[in-house]
There are 2 protein chains.
Amino acid sequence: MRKTPLKPADFKPQAQIFKALGHPGRLLIVDELSRGERCVCELASMVGSEMPTVSRHLSILRNAGIVEDDKRGTQVFYRLMTPCVMNFFQCIKSLKGNAHSP
Amino acid sequence: MRKTPLKPADFKPQAQIFKALGHPGRLLIVDELSRGERCVCELASMVGSEMPTVSRHLSILRNAGIVEDDKRGTQVFYRLMTPCVMNFFQCIKSLKGNAHSP
DNA sequence: CAGCTTATTCGCTAATATGCGAAATATGTC
DNA sequence: GACATATTTCGCATATTAGCGAATAAGCTG
């Protein structure tokens with residue numbers, strides 16, 4: 001029961017979430033967080049980037065509502081807020097082989 | 001049974017797909033294609049951009065394996081290859097309200 | 001408080017994405 | 001073949017993103 005035709009702007013919130021996931025390093029982070037919470041330094045060593053870089057990635061994921069942070073002492077632990085993100089990984093596997101280079 | 005730790009590069013194919021979906025206009029296209037195939041000119045008028053722009057968006061979606069094209073006469077019809085993309089829209093709705101501005 | 005650790009914010013540069021109009025490529029019509 | 005329609009490719013200007021090191025903030029420990 002939609003009254004008016006949808007406009008691109010109507011998809012901005014969803015696009016923000018996809019955009020947040022559209023980065024290899026951030027996907028690695030999400031995959032890792034699907035197995036439990038991790039602090040920034042752990043994630044940084046996994047991703048192989050400097051901590052400022054990873055911290056920025058995490059803020060992008062947090063702004064998108066995908067992860068949540070929890071400060072305990074000097075360290076900050078992040079955890080995945082949306083298990084359904086992982087479901088989509090399965091969906092993607094089915095077409096992974098089709099993807100071509102730009 | 002994973003032998004070596006995952007690296008960001010391992011998520012490049014998946015990231016390409018998320019990146020392709022990380023744009024309001026392209027999401028509108030995907031949403032429209034979920035209701036049936038459409039030609040480029042139909043999509044262009046829906047999105048409200050020039051045809052070259054929409055054509056580029058479609059090539060991005062095609063390279064990611066999300067849509068497929070079918071040339072019939074002078075026009076080219078696109079159709080959605082992954083219904084599961086729409087499932088993720090549901091998942092996203094649950095956290096849409098949490099998303100903040102960058 | 002000094003010093004160490006962890007994390008975020010800030011400037012900056014390089015790379016990438018976006019969108020348009022012009023030009024090129026079909027395909028169909030007269 | 002000339003011409004109209006539908007689409008893609010190209011070239012360019014602008015905007016956004018990525019990543020680093022320096023600087024900053026906050027929390028422990030001695």
Side-chain angles (χ1 to χ4, degrees), chain A residues 7-9 11-13 15-30 32-33 37-64 66-79 99-102, chain B residues 7-9 11-13 15-30 32-33 37-64 66-79 99-102:
Chain A
K7 295 173 309 231
F11 288 91
K12 245 173 142 182
Q16 188 196 355
I17 292 163
F18 280 112
K19 206 186 299 184
L21 294 169
H23 184 285
R26 291 197 289 268
L27 278 187
L28 175 58
I29 289 173
V30 167
E32 179 66 14
L33 292 182
E37 64 175 20
R38 301 283 187 274
C39 69
V40 182
C41 59
E42 286 176 299
L43 295 170
S45 82
M46 285 201 50
V47 174
S49 299
E50 297 303 313
M51 214 184 297
T53 300
V54 174
S55 180
R56 176 183 282 275
H57 284 319
L58 287 166
S59 82
I60 289 170
L61 291 171
R62 175 161 25 81
N63 285 337
I66 297 165
V67 303
E68 213 177 55
D69 64 330
D70 181 19
K71 188 162 194 171
R72 294 204 291 274
T74 50
Q75 32 195 21
V76 180
F77 291 87
Y78 281 83
R79 63 171 173 280
H100 303 321
S101 303
Chain B
K7 294 174 310 231
F11 287 92
K12 244 173 143 181
Q16 189 195 356
I17 293 164
F18 280 113
K19 206 186 297 186
L21 294 168
H23 183 284
R26 290 197 290 267
L27 279 187
L28 175 58
I29 289 173
V30 167
E32 179 65 13
L33 292 181
E37 65 175 20
R38 300 284 187 272
C39 69
V40 183
C41 59
E42 286 176 300
L43 296 169
S45 81
M46 283 200 52
V47 175
S49 299
E50 296 304 312
M51 214 183 300
T53 299
V54 173
S55 180
R56 176 185 282 274
H57 283 319
L58 287 165
S59 83
I60 289 169
L61 291 171
R62 175 160 26 80
N63 285 336
I66 297 165
V67 303
E68 213 177 55
D69 62 330
D70 181 18
K71 186 163 194 168
R72 294 205 291 274
T74 50
Q75 33 192 22
V76 179
F77 290 87
Y78 282 84
R79 64 170 172 281
H100 303 320
S101 302

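This structure is a prediction, so every number in the text was calculated from the model and none was measured. So that the names make sense, note that chain A is the first sequence line, chain B the second, and so on, each numbered from 1. Below, each value reflects all heavy atoms present in this structure, side chains not excepted, and no hydrogens, waters or symmetry copies.
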Item to complete: In plain terms, say whether B:D70 and B:R72 are close enough for a salt bridge, that is, a side-chain N and a carboxylate O under 4.0 Å apart.
Response: yes

Discussion item. Could you work out, with salt bridge (Lys or Arg N to Asp or Glu O under 4.0 Å) as the rule, every residue matching A:R38, not counting sequence neighbours?
Written reply: A:E32

Practice prompt. Could I get the full list of side chain to side chain contact (heavy atoms under 4.5 Å, CB included) partners for B:P8, not counting sequence neighbours?
Written response: A:P24, A:L28, A:V47

Worksheet item: B:F18 CZ to D:dT17 C1': how many Å, rounded?
Response: 18 Å

Fill in: Non-neighbouring partners of B:E68 that pass salt bridge (Lys or Arg N to Asp or Glu O under 4.0 Å), sequence neighbours left out
B:R79

Discussion item. Between C1' on D:dT9 and CG on B:N63, what's the gap in Å once rounded to a whole number?
Written reply: 14 Å

Discussion item. Between P on D:dT9 and CE on B:M51, what's the gap in Å once rounded to a whole number?
Written reply: 14 Å

Item to complete: Quick one: list whatever passes side chain to side chain contact (heavy atoms under 4.5 Å, CB included) with B:T53, sequence neighbours left out.
Response: B:S49, B:E50, B:H57

Response to the item:
Going 5' to 3' through nucleotides 19-30 of chain C and flagging B where a protein heavy-atom sits under 4.0 Å of the base, S where only the sugar-phosphate is that close, and - otherwise, we get SBBB---SBS--

Fill in: Protein-nucleotide distance (A:I29, atom CD1; D:dG19, atom C1'), rounded to Å
13 Å

Discussion item. Nearest whole Å is fine: how far is D:dA26 P from A:D69 CG?
Written reply: 15 Å

Worksheet, complete the sentence: Whole-Å distance, B:L58 CG to D:dT9 C1', equals 14 Å

Worksheet entry | Nucleotide D:dT17, atom P - distance to CG of A:L21 in whole Å | 14 Å

Item to complete: Go through the structure and list residues passing ring-ring contact (aromatic ring centres under 6.0 Å, His included) with A:Y78, not counting sequence neighbours.
Response: none

Discussion item. Just N and O in the side chain of B:Y78: are any of them under 4.0 Å from OP1 or OP2 of D:dA6?
Written reply: no

Fill in: Whole angstrom value for the distance that separates P of C:dT5 from CD of A:E42
17 Å

